[in-house]
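To start, the structure itself, in C-alpha cells.
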Amino acid sequence: MSYDFATLQVCHHTIVDETAILDVETKSRLTFQKQPMGNVSVTIDGNVIPSNGLFGKQFVVFTRKEPYRVIKNTSDVLYVADKTGSARYIEIPPGVAISAKTLTSFLNIKIPEASFVVKNGHVVAEPKLGETLLFKNPRLVDPTASLPLTLRVEGCYRDLGITAGREARYTLTYPGWQIESNEVLNEYYLVFNNAIRNSTPVINLTYNTIASFCRRCQGSTYEFDYRVVNSSYEIVRDTDLLAQELDKFLFTQIGSHFKWRWLGSDLFNQIGSKSIDAASRVNLDVTTAFATYQNIKTQQASTFRMQNVTDAEFPAAILRVNAVSPPDDPTVVVADLLVSNRSQQEVPMTRVVGNSDPLSLSGSSSAYIFRG
C-alpha cells in the first residue's frame, strides 16, 4: 500500500511562541497581539507556567544513609512544625539497625505534612501541596539545652543526618495568571496574580485565535504543513492520497520541477486569458492533468508492485469538471471536480485557482475547499 506524508490540514489558528513584553509599571500585565480564543500556554524563561502558578519543591534529605541507630532517651525525638507554626515532638521507636523503609513508614504515619521516601539509601522528606514541614532547632526555645528533650532532638538529628532549620515546602516560583479584556480598546491582557520578580523575563505565549487573525492560513481555515502524530509524521492513504496527489498535479506549474518537467498543469496561466474564457481553459487543464496523473499511477501499479496501489487510491475517472468565475472577481476560477476511484467511490473536490477571498466560498463544503 502506497502512502504520502499528509500536508493538507485544517488550521487550528494556533499562534506559537509569540513574544510578549511585561508592562513596565505593574510588572504583572502583558497584551496579546491577537485575540485569544483558548488553549493559552505561558512560558517564562523556558518554564511553562500553569494558570495557578509554578511551584518549586524544597526537599529535606537525611544526609546519613541507612541503617539508622536510634537510642532511647538519647537520640529518639524529632521536633517539627507545620505551616501554621504549631510545633510538636515526635518520638521514634529505638533500634540499632533501622532500615530507611521502616523509618519512612513510621514517619509517614506520624508526620502527614510531608511524604517520606527512600532514595539511594537516604530518607527524603518531600513536600505536599499546601503543606509545610519544618525541622525546628530546639535551641530556639531552649538556648542552654537545659531540657532533656533538647539533647534527645539534637542526638536524633545527628544520627539521622537532619540539619536543624531545614524545611520541606512548595515555593511559588512564578505566579498564576488569568485573561482579561478591554472591550472599549478591543484589547486582551494576560494578568499575573503578582509581579514577576525577574527584571528582564523572556515571555512567550501560545494560543488559538480566530481565523481572520491567523498568520498560518491567512483566514482560509486551511494550511499546508507536516504534522507529527505519535512521534511520526501523519500519513495519507487511499482516497485521501488520491486527492492529495491530484492536487500536486493541478497546482504545480508544469515545467517547474527540476527533474520531471511533465509534472503539473498550466492552470495559473489561464487566469486573465483573452483568447478564450478562463473557465474553459481551466476545464481543459484539469482534464489533461488528471490524465497525466492516471497514467503515472498506472505505471506505478505495474512497475513498482511492492507499493501495492490500492483501488481506493487509483484515479479511475473524472466524472465532472465545472469551472466558473465569480461575477465580482473575473481573476478567480472555482473548479468543482468529481473524481471516482477503482472502488467506485466518488471523491468531490472544490479548488480555487487564483488569489481568492475565502469568504466568497462560505456556502461550499469546508471539507473540500482549499486554495491553490
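On a predicted model such as this, the values are computed, not experimentally measured, just so you know.
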Worksheet item: Under 6.0 Å from the six-membered ring centre of Phe59 and within 45° of its axis: does the NZ or CZ of Lys119 meet both?
Response: yes
Worksheet entry | Pairwise distance CD(Gln244) to CZ(Phe5) - rounded to 0.5 angstrom | 11.0 Å
Discussion item. Quick check on Arg215: does its CZ atom have over 12 non-hydrogen neighbours (other residues, nucleotides or ligands) under 6.0 Å away?
Written reply: yes
Worksheet item: Taking atom CZ of Phe135 and atom CG of Leu160, what is their separation to the nearest 0.5 Å?
Response: 9.0 Å
Worksheet item: Can you find a heavy atom in the side chain of Leu246 that is under 4.5 Å from one in the side chain of Met349?
Response: yes
Worksheet entry | Salt bridge flag under 4.0 Å for residues Asp76 and Arg152 | yes
Discussion item. Looking at Asp159 and Arg64, is any side-chain nitrogen of the basic one under 4.0 Å from a carboxylate oxygen of the acidic one?
Written reply: no
Worksheet item: Any chance the side chains of Lys297 and Gln300 put a donor and an acceptor closer than 3.5 Å?
Response: yes
Practice prompt. Please examine the side chains of Leu149 and Val77, heavy atoms only from C-beta on, and report whether any two atoms are closer than 4.5 Å.
Written response: yes
Worksheet item: Hey, are Glu154 and Arg139 close enough for a salt bridge, meaning a charged N less than 4.0 Å from a carboxylate O?
Response: yes
Worksheet item: With a 4.5 Å heavy-atom cut-off, do Thr171 and Arg169 have their side chains touching?
Response: yes
Practice prompt. Indicate whether any N or O donor in one side chain lies under 3.5 Å from an N or O acceptor in the other, for Thr102 and Ser105.
Written response: no
Worksheet item: Around Asn182, counting heavy atoms of other residues, nucleotides and ligands shown, do more than 12 lie under 6.0 Å from its CG?
Response: yes
Worksheet entry | Any donor-acceptor N or O pair under 3.5 Å, side chains Asn204, Thr43 | no
Worksheet item: Heavy-atom distance under 4.5 Å between the side chains of Thr173 and Asn47, does that happen here?
Response: no
Worksheet item: Does Val153 reach the side chain of Asn137, with side-chain heavy atoms less than 4.5 Å apart?
Response: no
Worksheet item: Honestly curious: do Ile92 and Leu151 fall in one hydrophobic cluster under the side-chain, below-4.5 Å linking rule?
Response: no
Worksheet, complete the sentence: Interatomic distance, OG1@Thr7 vs CG@Asp247, rounded to 0.5 Å, equals 8.0 Å
Worksheet item: Do Leu30 and Trp177 have side-chain heavy atoms sitting under 4.5 Å apart?
Response: no
Worksheet item: Mind checking whether Leu107 and Leu78 have side chains closer than 4.5 Å, heavy atoms only?
Response: yes
Practice prompt. Establish whether Val321 and Val339 are linked, either directly or via other cluster members, by ILVMFWY side-chain heavy-atom contacts under 4.5 Å.
Written response: yes
Worksheet entry | Approximate separation, where rounding is to 0.5 Å, of Leu241 CG and Glu313 CD | 5.0 Å
Worksheet item: Considering all heavy atoms of both residues, which atom of Ala289 and which atom of Leu250 are nearest to each other, and what is their separation?
Response: CB-CD2, 3.9 Å
Item to complete: Take Thr132 and Glu113 through the test side-chain contact (heavy atoms from CB on, under 4.5 Å) and record every step on the way to the result.
Response: CA-CA 6 Å; Thr132 297; Glu113 292 88 351; over 6 Å; no
Worksheet item: Would you call Lys34 and Glu18 a salt bridge, using N to O less than 4.0 angstrom?
Response: no
Worksheet item: Phe55 vs Tyr170 aromatic rings, parallel, tilted or perpendicular, using cut-offs 30° and 60°?
Response: perpendicular
Worksheet item: Are a donor atom and an acceptor atom from the side chains of Glu187 and Tyr189 found within less than 3.5 Å of each other?
Response: yes
Worksheet item: Do the side chains of Ile296 and Val286 join up, straight or via other hydrophobic residues, at under 4.5 Å, putting them in one cluster?
Response: yes
Practice prompt. Would you check if there is a donor-acceptor pair between the side chains of Asp238 and Thr310 at a distance under 3.5 Å?
Written response: yes
Worksheet item: So Tyr79 and Tyr157, side-chain contact (heavy atoms from CB on, under 4.5 Å) or not? Walk me through it.
Response: CA-CA 9 Å; Tyr79 186 35; Tyr157 284 179; 3.9 Å; yes
Fill in: Rounded distance [0.5 Å steps], CG in Leu190 versus OG in Ser51
10.0 Å
Worksheet item: Passes salt bridge (charged side-chain N to carboxylate O under 4.0 Å, His left out), Lys57 versus Glu167? Steps please.
Response: CA-CA 10 Å; Lys57 286 184 178 181; Glu167 191 175 29; over 6 Å; no
Worksheet item: Under 6.0 Å from the OH atom of Tyr89, do we count more than 12 heavy atoms belonging to anything else shown?
Response: yes
Item to complete: Could you note down all residue pairs passing ring pair (Phe, Tyr, Trp, His ring centres under 6.0 Å) where residues 23-45 supplies at least one of them, sequence neighbours left out?
Response: Phe32-Tyr207
Worksheet item: Hey, mind stepping through Lys136 and Val80 against side-chain contact (heavy atoms from CB on, under 4.5 Å) and telling me if it holds?
Response: CA-CA 5 Å; Lys136 294 198 68 173; Val80 300; over 6 Å; no
Practice prompt. Supply the atom-to-atom distance Ser28 OG to Asn193 CG, rounded to the nearest 0.5 angstrom.
Written response: 9.0 Å
Practice prompt. Taking the side chain as every heavy atom from C-beta outward, state whether Leu147 and Val141 have any pair of such atoms under 4.5 Å apart.
Written response: no
Item to complete: Return yes when atom CH2 of Trp260 has more than 12 non-hydrogen atoms of other residues, nucleotides or ligands closer than 6.0 Å, and no otherwise.
Response: no
Worksheet entry | Flag for Ser232-Asn230: side-chain donor and acceptor within less than 3.5 Å | no
Practice prompt. Check step by step if side-chain contact (heavy atoms from CB on, under 4.5 Å) holds for Leu22 and Arg29.
Written response: CA-CA 6 Å; Leu22 271 178; Arg29 190 181 75 169; 5.9 Å; no
Practice prompt. Begin from the C-alpha positions of Asp4 and Arg237 and carry the test salt bridge (charged side-chain N to carboxylate O under 4.0 Å, His left out) through to its verdict.
Written response: CA-CA 7 Å; Asp4 194 3; Arg237 303 178 189 272; over 6 Å; no
Worksheet item: Among side-chain atoms of Thr104 and Asn108, is any donor-acceptor pair under 3.5 angstrom?
Response: no
Discussion item. Treating Ser75 as the side-chain partner and Cys156 as the backbone partner, does any N or O pair qualify as donor plus acceptor under 3.5 Å?
Written reply: no
Fill in: Any side-chain donor near an acceptor of the partner, Thr298 and Asn295, under 3.5 Å
no
Practice prompt. Report yes or no: do Asp45 and Tyr174 form a side-chain donor-acceptor pair below 3.5 Å?
Written response: yes
Practice prompt. Flag yes if Ile98 and Val118 sit in one hydrophobic cluster, no otherwise; membership is Ile, Leu, Val, Met, Phe, Trp, Tyr, and two members link when side-chain heavy atoms are under 4.5 Å apart.
Written response: no
Practice prompt. Please test Asp311 against Ser343 for side-chain hydrogen bond (donor to acceptor under 3.5 Å, both in side chains), starting from the C-alpha separation and ending with a verdict.
Written response: CA-CA 5 Å; Asp311 290 339; Ser343 298; 4.6 Å; no
Worksheet entry | ILVMFWY cluster, Val334 and Leu338 together (side-chain gap under 4.5 Å) | no
